[in-house]
Amino acid sequence: MPELPEVETYRRFLEEVMLHQTIAALEVKDAHVLAVEEDTLRQALVGRTVTGTSRLGKNCFLLLDSGQVLVLHFGMTGDVGAYRDEPDAPRFTRVAFHLGSGLRVAFIDPRKFGRIRLADSVSQYQSAKKLGPDALDISAAELQARLGKRKTFLKPLLLDQGITAGLGNWIVDEVLFQARLHPERAAHTLTTPDFEALHAAVQLVLSTAIQHEATYRAFPASFLIHAREWDDSATPGTNQHQYCPRHTTTKIDKTYVGGRATYTCPICQPPS
DNA sequence: GTCGATGTTAGCAC
DNA sequence: TGTGCTAACATCGA
């Protein structure tokens, strides 16, 4: 479920297992996830050493000693893993990077929406993809500058990677809940204090999620995420978290905003 | 068998 | 140019 916190967790893992390692071979099990010719990729990777890692929004970068950059995007279901012998390859491994040490790093992606590509640099990739500043780096003032004149709904704007990169569907719901803002508020009606609350909520949600390595069951009880249907952490098969963490007798609403499932508390986040 | 899904992008209509 | 809606991608798992 890769949004910014998951990708940051993957980046830390990749840094741990790949930094200063040489890529000895590239194994492509399913070329569907490649957004670059397999031979081109192999030529760019084999014999190269990983000199660093980076992240922008939901994109993870492996910096190579050639100066080129390997870009990993995990789509909806991407993950990473490491293994030594083929029988231990994780299910749905699509590409494996064989390291000089014998360890193999897996790009795992059941639904194959993830992509692997090459770029000349992080900034070249950022401009090519028109990505805004990372959601962890953006300031309240910049958020206001980018959103304050837009007349459309807040939620789709926050999901727009060109405005700020890294916010996905559940994170935006959580941010809006924490900031007590309705997802259908027109962005230009927000006041400066609203933008400050929004910014603080982005920081809170992202830092909490990263701290728990994106394991949402470990998140504080004050988080709305527990109301999402796929959280079975109370009793499997039931959903005992369908009430607002702050108004424990108020049911969380499920609606669709911009075509995306959206969860809100009708009391905390009154429509304007 | 049916439905929905965490992301992204293209196409289309206004 | 901005906007918003829909479909498509590929597949799993409930």
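Below, read A as the first sequence line, B as the second, and so on, with proteins coming before strands; counting in each chain starts at 1. In this text, all values refer to a predicted model and were calculated from it rather than measured experimentally.
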Classify the nucleic acid contact of A/Lys129 as base, sugar-phosphate or nothing, counting any heavy atom under 4.0 Å across all strands shown.
sugar-phosphate
NZ of A/Lys254 versus C1' of B/dT6: gap in Å, rounded?
13 Å
Would you say A/His73 places a side-chain N or O within less than 4.0 Å of OP1 or OP2 belonging to B/dT8?
yes
Checking the side chain of A/Arg55 only, and the main-chain atoms of A/Cys60 only, is there a donor and an acceptor separated by less than 3.5 Å?
no
Between NE2 of A/His188 and P of C/dG2 the distance, given in whole Å, is 17 Å
Atom OH of A/Tyr263 and atom C1' of B/dT6 are separated, to the nearest Å, by 11 Å
If the test is ring pair (Phe, Tyr, Trp, His ring centres under 6.0 Å), which one of A/Tyr10, A/Phe92, A/Phe74 qualifies with A/Phe107?
A/Phe74
Is it true that the NZ or CZ of A/Arg11 lies under 6.0 Å from the centre of A/Phe61's six-membered ring and within 45 degrees of the ring axis?
no
Counting just side-chain N and O atoms, does A/Arg260 come under 4.0 Å of either OP1 or OP2 of B/dA5?
no
Could you tell me if the side chain of A/Thr264 sits less than 4.5 Å from the side chain of A/Pro183, heavy atoms only?
yes
In whole angstrom, what separates A/Asp173's CG from B/dA5's P?
11 Å
Between A/Asp39 and A/Arg42, does at least one N-O distance fall below 4.0 Å, as a salt bridge requires?
yes
Dot-bracket for DNA chain C, 5' to 3', with Watson-Crick and G-U pairs under 3.5 Å, [ ] for crossing pairs and | for other-strand pairs: what is it?
.||||||||.||||
Residue met sooner reading DNA chain B from 5', once A/Tyr256 and A/Arg117 are mapped to nucleotides
A/Tyr256
Nearest-Å distance for atom pair CG/P, residues A/Asp109 and B/dA5
19 Å
In 5'-to-3' order, the base (B), backbone-only (S) or no-contact (-) status of each nucleotide in nucleotides 4-14 of chain C, using a 4.0 angstrom heavy-atom cut-off, is S----BBBBS-
I want to check something: taking the side chain as every heavy atom from C-beta on, are A/His98 and A/Leu26 in contact at a cut-off of under 4.5 Å?
no
For salt bridge (charged side-chain N to carboxylate O under 4.0 Å, His left out), just list the numbers for A/Asp65 and A/Arg48, CA-CA rounded to whole Å, side-chain angles, deciding distance to a tenth of an Å, and then say yes or no.
CA-CA 6 Å; A/Asp65 62 352; A/Arg48 291 299 168 192; 3.6 Å; yes
In plain terms, say whether A/Lys155 and A/Asp173 are close enough for a salt bridge, that is, a side-chain N and a carboxylate O under 4.0 Å apart.
yes
Does A/Gln161 place a side-chain N or O at less than 4.0 Å from the phosphate oxygens OP1/OP2 of B/dG7?
no
Rounded to the nearest Å, what distance is computed from the NZ atom of residue A/Lys155 to the C1' atom of nucleotide B/dT6?
11 Å
Nucleotide C/dT3, atom C1' - distance to CZ of A/Arg150 in whole Å:
9 Å
A/Asn59 side chain to A/Leu56 backbone, donor-acceptor under 3.5 Å:
yes
For atom CG of A/Asp160 and atom C1' of C/dT1, their distance in whole Å
15 Å
Is the phosphate of B/dT8 approached by A/Lys58 (side-chain N or O, under 4.0 Å from OP1 or OP2)?
yes
